[in-house]
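Naming convention: chains lettered A, B, ... in sequence-line order (proteins, then strands); numbering from 1 in each chain.
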Protein chains: 2
Amino acid sequence: MPNIDLSPRELQILSALIDCYIKNAEPVGSRRLATKYKLGVSPATIRNTLQDLEEMGLVYQPHTSAGRIPTEVSYRIYVDNMMQIRPLTKKEKAQIARELTSGNKAIDQILEQSCRVLSEVSMQLGVSMAPRFTEGILTHLDLVPVGENRLLVVAAVKSGLVRSVVMEVDSVVNPKLIQETAVILNERLSGLTLGQIMETIHDRFRDVSYGDPKLIKLFTESAENIFMPQDDKDLHLMGTPNITSQPEFRDPQKLQELISLIEERQKIVSSLNAAAINEGVVVTIGKEANLGMLDGCSMVTSTYKAGKTTGTIGVIGPTRMEYSKLMSIVDYTSKVLSRILSKE
Amino acid sequence: MPNIDLSPRELQILSALIDCYIKNAEPVGSRRLATKYKLGVSPATIRNTLQDLEEMGLVYQPHTSAGRIPTEVSYRIYVDNMMQIRPLTKKEKAQIARELTSGNKAIDQILEQSCRVLSEVSMQLGVSMAPRFTEGILTHLDLVPVGENRLLVVAAVKSGLVRSVVMEVDSVVNPKLIQETAVILNERLSGLTLGQIMETIHDRFRDVSYGDPKLIKLFTESAENIFMPQDDKDLHLMGTPNITSQPEFRDPQKLQELISLIEERQKIVSSLNAAAINEGVVVTIGKEANLGMLDGCSMVTSTYKAGKTTGTIGVIGPTRMEYSKLMSIVDYTSKVLSRILSKE
DNA sequence: AATTGGCACTCAGGCAATCAGAGTGCTAAG
DNA sequence: CTTAGCACTCTGATTGCCTGAGTGCCAATT
């Protein structure tokens, strides 16, 4: 991104324009800028500046004789350099904290709650993703026989996250042998991160002389199945009805795309993961988010901590969103969430 | 519902009208009926009959000088008495069977697959619901310590379904005591259905003299939490993009309602449960479905068997749907599903 | 008595014309 | 460099008109 040098006036006008557009979702004209914002110059002057901004690719007109709309480039500049974050009111903070702490304590439900709160206070699409399971340190592994030829593999990681997966075994296995196998699995695997386990598991059980070799083989072969992140369960999406009240979704076409996006959870997971490389609040604007068809959308995300592992929460909405407010919301929510999940 | 006696001609015309409307989603006029269907009478005659049908509340006009549209009442009559089920082609059967048997064997994923297949072949919203957990007979209960002060409660029922729920314990519990407790829980509870357990659990552990009383108390208190059906996990919904291609969802209003419905999973679960009282394929038309705002929608559902327990699958779509085809699809899918889930 | 052709009537949807409003770019003057 | 003024452009709302589809009813026909 070419870091464009803007004169103070250009900056001022661009800022006002973005602000105005975010509020009204309508192309902004020179006259309106002149009257609503104390710029101290006449519409004509503003027009000249607007022309300059247009040449720089910072604004555009949907058609001649319409006002200007900011481009993604200028949203970027706005977020990085111009905007000042709007702190939350006490009331908003209270609402978030309350809704997050009330109710069940299971991590899964807390995450669902966060997602709902985010959507409600932001009127956007709320998203939350469980802590990256692969980063978790295995504390306990167990094999629980369920039914005739099924084993439930239970894996617990330090952050308190638990996953269980049913594994099919062809023949009935002796319970004692299962027990033994579980012991050896624990011995060799606990203390490692799940990611490490996935990478090295095949080597670690070359020399099996204890437990049931068949079972161990089955286990190593299905390790991926067990430890891989599962989009469907790890990702929460809520508040579709909220986001559809945004004017950009008047267009049925856009609405369709949104609906499609919501079912392509994998895509959302990827985008969130991409954003989660950085710590803290991250703003991903338009095409940066790589949400396929549905560009024109941005994400405001943040990581949170659950023990040693980190997860991601955030909101997705039209590029024209109140970044200043949303950043506060997401930031605060992630902090509360970290606190809740680490306290236990 | 007043069982209305219709003359052969009225029947013939109503049938043709419904057929035509299902195909084209447009009000059907007398002329079109006369030319497209071999009714052997002139448009004028048809008009007279249509007027009669209108008086009986079987058809209506969206406005004067428009053709007729069938009412929910007449869909009911159509489905119950007039329609003949359209058998599936070999190709369709093959597709369903293939997509259902390929891939992972875990029940959860099979259900998700069914849901997807249903949506794809029907171009409606596919739904599937896990077997009613409360009907399942408990075969095995286990308490697995995970982390410092957490226990994973694992409950397996005969159908192969497994559920695990994390339970918080305030103090660290001796592993041996946990083991003992698990044993006594198993002794007293296995063989019962989960429903029975929920109802009687408080009585069953009045006289605890074995295991950890504290733990047992905690368990009995959170039993509901453990055994209750969980909408979010037990219900699958897929193919929203498919259903939105139906012409009824051109109307953004309707689309909005659909979106809202999809997030109100509880409502869908209730409707499905209501339909699942009957065995086999059930057609629920319009307001019968009680889907709130979104009337104008019907469901075609069927139960399937997984061992002793039954679950529900089906499709949801606009009332104007091809019942004759959808009933075959849902019927066949549920049979295949039953076979898969019972074979194991 | 049922069926049919004819006819007047209604309504939605498409099309063109018109108009007001918002906004622009340019030019010339301050 | 800024601004007022002006001609120009484009959208969106409104209006009127017309066509096509469809009805309801009546009188003629079988």
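With respect to the salt-bridge test (charged N to carboxylate O, under 4.0 angstrom), the residues A/Glu92 and A/Arg86 qualify. Comment: A/Glu99 does not engage A/Arg116 in a salt bridge, judged by the lack of any side-chain N to carboxylate O separation of less than 4.0 angstrom. Using a 4.0 Å cut-off between charged side-chain N and carboxylate O, A/Arg32 and A/Glu26 make a salt bridge.
Residue A/Ser65 places its side chain closer to D/dT9 than to any other of C/dC11, D/dG24, D/dT9.
Between B/Tyr60 atom OH and D/dT23 atom C1' the separation is 17 Å, expressed in whole Å. Straight-line distance from the CD1 atom of B/Ile13 to the P atom of C/dT3: 10 Å, rounded to whole Å. Rounding to whole angstrom units, CG of residue B/Leu50 and P of D/dC25 are separated by 13 Å. Rounded to a whole Å, the CD atom of B/Gln12 is 15 Å from the C1' atom of C/dT3. What separates CD1 of A/Ile69 from P of C/dA22 is a distance of 17 Å, to the nearest Å. One interatomic measurement links the two molecules: CG of B/Asn48 to P of D/dT29, which rounds to 18 Å at whole-angstrom precision. Rounded to whole angstrom, the span from the CD atom of A/Glu54 across to the P atom of C/dC26 amounts to 11 Å. One can place CD of B/Glu55 at 15 Å from C1' of D/dT23, the figure rounded to the nearest angstrom.
Under the 3.5 Å distance criterion, the side-chain polar atoms of A/Ser128 are left unmatched by any main-chain donor or acceptor of A/Ser114.
Checked by atom type, the side-chain pair A/Glu263/B/Thr240 shows a donor-acceptor distance below 3.5 Å.
A heavy-atom distance below 4.0 Å to DNA chain D is reached by these residues of residues 30-47 of chain A, ordered by number: A/Val41, A/Ser42, A/Ala44, A/Thr45, A/Arg47.
Across A/Ser30 and A/Ile46, no two heavy atoms sit closer than the pair O-CD1, 3.8 Å.
Atom CZ of A/Arg31 sits in a sparse spot, with 12 or fewer heavy atoms from other residues, nucleotides or ligands closer than 6.0 Å.
Scanning atom types as modelled, no donor and acceptor separated by under 3.5 angstrom connect the side chain of A/Thr64 and the base of D/dT9.
For the OP1/OP2 pair of D/dC1 and a distance below 4.0 Å, the side-chain nitrogens and oxygens of A/Arg9 include no atom meeting the criterion. Taking only side-chain nitrogens and oxygens, A/Gln51 comes nearer than 4.0 Å to OP1 or OP2 of C/dG25.
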